[in-house]
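In listed order, ligands and their atoms are each counted from 1. Scope of the values below: all heavy atoms of this structure, side chains included, with no hydrogens, waters or symmetry mates.
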Amino acid sequence: MKYTNPIISGFHPDPSICRVGGDFYLVTSSFEYFPGLPLFHSTDLVHWEQIGHILSRNSQFTLTKESPNCLGIYAPTIRYHEGVYYCIVTNVGGPAGGNFFVYTTDPYGDWSDPVMLPFGGIDPSLFFDDDGKVYYSGTDTGVFIAELTLTKTTGENGIQIRCDHVGPQIYAWNGSGGNNPESPHLYKINGMYYLMLAEGGTEYCHMVTIARSQSVCGPYEACPFNPILTNRSTDLLIKAVGHADLVEDQNGNWWAVCLGIRPLGYPFRHNLGRETLLVPVTWEQGWPVMGMNGDGRVDAEIETSLLPCTPFESDRYIPGSNMVDNFDTGSMHPSWNTIYNPDHALYEFTENGLILHGNGHDLSCRDVKSLLCRRQEHFDFTARLTLTVANISGSGEAGLSIYMNNRHHYEIALTVTDQKRCLIVRRQIGSLRAVENVIEYDSDTVVLQLTGSRETYTFAYCGDGQDTPVTIGSGEAQYLTTEVGGCFTGNYIAVYATNTDAVCRQFSYEQGHPCA
Ligand code: 6LW
């Protein structure tokens, strides 16, 4: 069969995977977005459903408001050991930052509060050796390994796990010489210890390298075929592949998940963030060989007969699928995020829809806003928001935005200008900010539409009784890209209100342009 990469499209970087029987669980980074660490389940490695978020409570983590798109929840690792699921991760920046793990016996339920660990740096991973010892690997001034003493107790509230002791940091192998050796994962396979890294930085020179040893703390022998995975200096459409994690399926075949990007065109600029890819792995001379023909590359289409083909029926959210939210379930659709820990007072579910209570913060403000956002998962998409704003004053505004960060966003909004209700299209690219169109519009309710393509984001509206959207503005996609003004995340589609209350009655997101 043939499968297509990415297996999880849009901003889903730094994937980590584990298998429990015939079930695979996969987690990705989430940076400043809340809830943190989206968690996915699959039985065939290609079809994924989102089963929740690992960090779903304010008590588990506090996100810093510094440096949008660059800080927050980085690179997690998910592992399963003796009935317990562990996820170890870094909250980067702010006084609450640091490395910690959370755990659960039920990945569909709540995860524990954090168990903080005294290590600096990023990209933590856990390895459970077959002699009962547990090791941490991470990256600070270099890649290191340290033993952890974890103690598990069972009480009235289920299991409790604490870390009683951490061993010295051992710098065993720092990669093949590329910059930014990071994301170390340890494995024991056929009696050998393997230490797999990313090198070259998360941009276009990204790669995966590996070394092995007979002893967990080394000495490590580098693979003579390093890098074992990279798309650097190729014409492949997927670029910057790296940051991989290995998994063996129930049939004894091996796979890696990794991240990669799909630029809009040339020159390379990407707006979907770093996405999750699946790579076949075979073994030669005791080394993992990655790629469809063992070529150490990741293609958009991969032909393989080896997938554990056990697709499942899911009534959960399938990432990359179309979505309609009537805001009538009383809870948030799993694809919605807030930026930073949410202020729950800003969101009110009613039988008429979701009321956003504007808190005076507009899209350019780097603080908690009355906003919900979801990932842009396709180059070509159509998003629509049916919005009612009854009372609106001159400083009030509610609308639909394509949002990279507070300094890079385009939007269509209902507002008041010169004491008249109107629709505006505004764009901000760095320090340039302009309202580019103003249309008088005197009704309370409007359907706002945002379409995306590789070239352009286009804004349109439908007034009461209208069926055909009227385009009132557009902007280049290339200026809302990581290379222009972002860092580690991808673009989001946001519904928001500033200095007003606004009722969101329906939101839809569809791949493609159904109106075209
Ligand atoms: C992550 C590092 C990386 O911590 O990017 O691509 C950093 N790899 O391993 C942020 O995602």
Side-chain angles (χ1 to χ4, degrees), residues 6 8 10-17 26-33 36-38 54-55 61 63-64 66-78 87-93 97-101 117 119-126 136-144 174-176 178-186 195-210 227-232 238-246 256-263 268 270 272-277 279 298 375 404-405 482-483 486-490:
I8 305 181
F11 158 57
H12 290 105
D14 309 323
S16 175
I17 189 167
L26 185 150
V27 61
T28 60
S29 302
S30 48
F31 296 86
E32 70 260 42
Y33 294 95
L37 299 176
I54 290 178
L55 300 178
F61 67 127
L63 292 161
T64 177
E66 300 300 313
S67 299
N69 303 177
C70 300
L71 302 178
I73 300 299
Y74 272 42
T77 300
I78 188 166
C87 183
I88 190 165
V89 69
T90 321
N91 185 3
V92 182
N99 286 292
F100 64 90
F101 70 85
L117 297 170
F119 299 113
I122 57 168
D123 293 1
S125 185
L126 278 179
Y136 177 106
S137 54
T139 311
D140 57 7
T141 51
V143 168
F144 68 91
N174 212 30
S176 65
N179 61 299
N180 293 79
E182 57 193 8
S183 93
H185 289 304
L186 271 171
L195 181 56
M196 191 168 76
L197 309 187
E199 294 184 52
T202 198
E203 295 83 19
Y204 294 88
C205 292
H206 214 190
M207 53 183 163
V208 177
T209 57
I210 198 161
I228 55 171
L229 184 75
T230 186
N231 277 10
R232 68 184 184 192
I238 299 179
K239 309 287 182 199
V241 303
H243 200 116
D245 194 11
L246 286 169
V257 289
C258 70
L259 68 79
I261 63 177
R262 292 181 291 161
F268 300 148
H270 69 288
L272 298 183
R274 298 169 298 160
E275 309 182 281
T276 291
L277 318 172
V279 192
V298 195
R375 289 163 176 81
M404 186 164 69
N405 54 47
T482 296
E483 288 78 357
C487 188
F488 292 137
T489 62

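His243 ND1, 3.2 Å is the protein heavy atom nearest to atom 8 (N) of ligand 1. In terms of protein heavy-atom proximity, atom 3 (C) of ligand 1 is nearest to Glu182 OE2, 3.4 Å. Distance from atom 6 (O) of ligand 1 to its nearest protein heavy atom, with residue and atom name: Thr202 OG1, 2.6 Å. Taking atom 11 (O) of ligand 1 as the reference point, the nearest protein heavy-atom neighbour is Asp14 OD2, 2.5 Å. The single protein non-hydrogen atom nearest to atom 9 (O) of ligand 1 is Asp123 OD2, 2.5 Å, given as residue, atom name and distance.
Near Phe31, with a cut-off below 4.0 Å to any heavy atom, the atoms of ligand 1 are 10 (C), 11 (O). Under a 4.0 Å criterion applied to the non-hydrogen atoms of Leu259, ligand 1 contributes the atoms 6 (O). Atoms of ligand 1 lying under 4.0 Å from at least one heavy atom of Ala75, given by number and element, are 4 (O). Per-residue contacts place Ile122 under 4.0 angstrom from the following atoms of ligand 1 (heavy atoms of the residue considered): 4 (O).
The CG atom of Asn405 lies 9.5 Å from the SG atom of Cys487; values are rounded to the nearest 0.5 Å. Of the inter-residue distances, the one linking Ile73 atom CD1 with Asn91 atom CG reads 4.0 Å to the nearest 0.5 angstrom. Residue Asp140 holds its CG atom at 11.0 Å from CG of Asp123, rounded to the nearest 0.5 Å.
Looking at Arg274 next to ligand 1, an N or O pair under 3.5 Å apart turns up. Residue Tyr74 has no N or O atom closer than 3.5 Å to an N or O atom of ligand 1.
Ring geometry for His185 versus His243: interplanar angle over 60°, hence perpendicular rather than tilted (30 to 60°). Below 30°, between 30° and 60°, or above 60°: for Tyr74 and Phe488 the angle between ring planes is above 60°, a perpendicular geometry.
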Can you check side chain to side chain contact (heavy atoms under 4.5 Å, CB included) on Met207 and Arg232, steps first, answer last? CA-CA 8 Å; Met207 53 183 163; Arg232 68 184 184 192; 3.1 Å; yes
Carefully, step by step, assess Tyr33 and Leu63 under the rule side chain to side chain contact (heavy atoms under 4.5 Å, CB included). CA-CA 8 Å; Tyr33 294 95; Leu63 292 161; over 6 Å; no
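Heavy atoms only, all atoms of each residue included: Asn174 and Gly142 are closest at OD1-CA, 3.5 Å.
Proximity of Thr90 to ligand 1, defined as any heavy-atom pair under 4.0 Å, is not found for any part of the residue.
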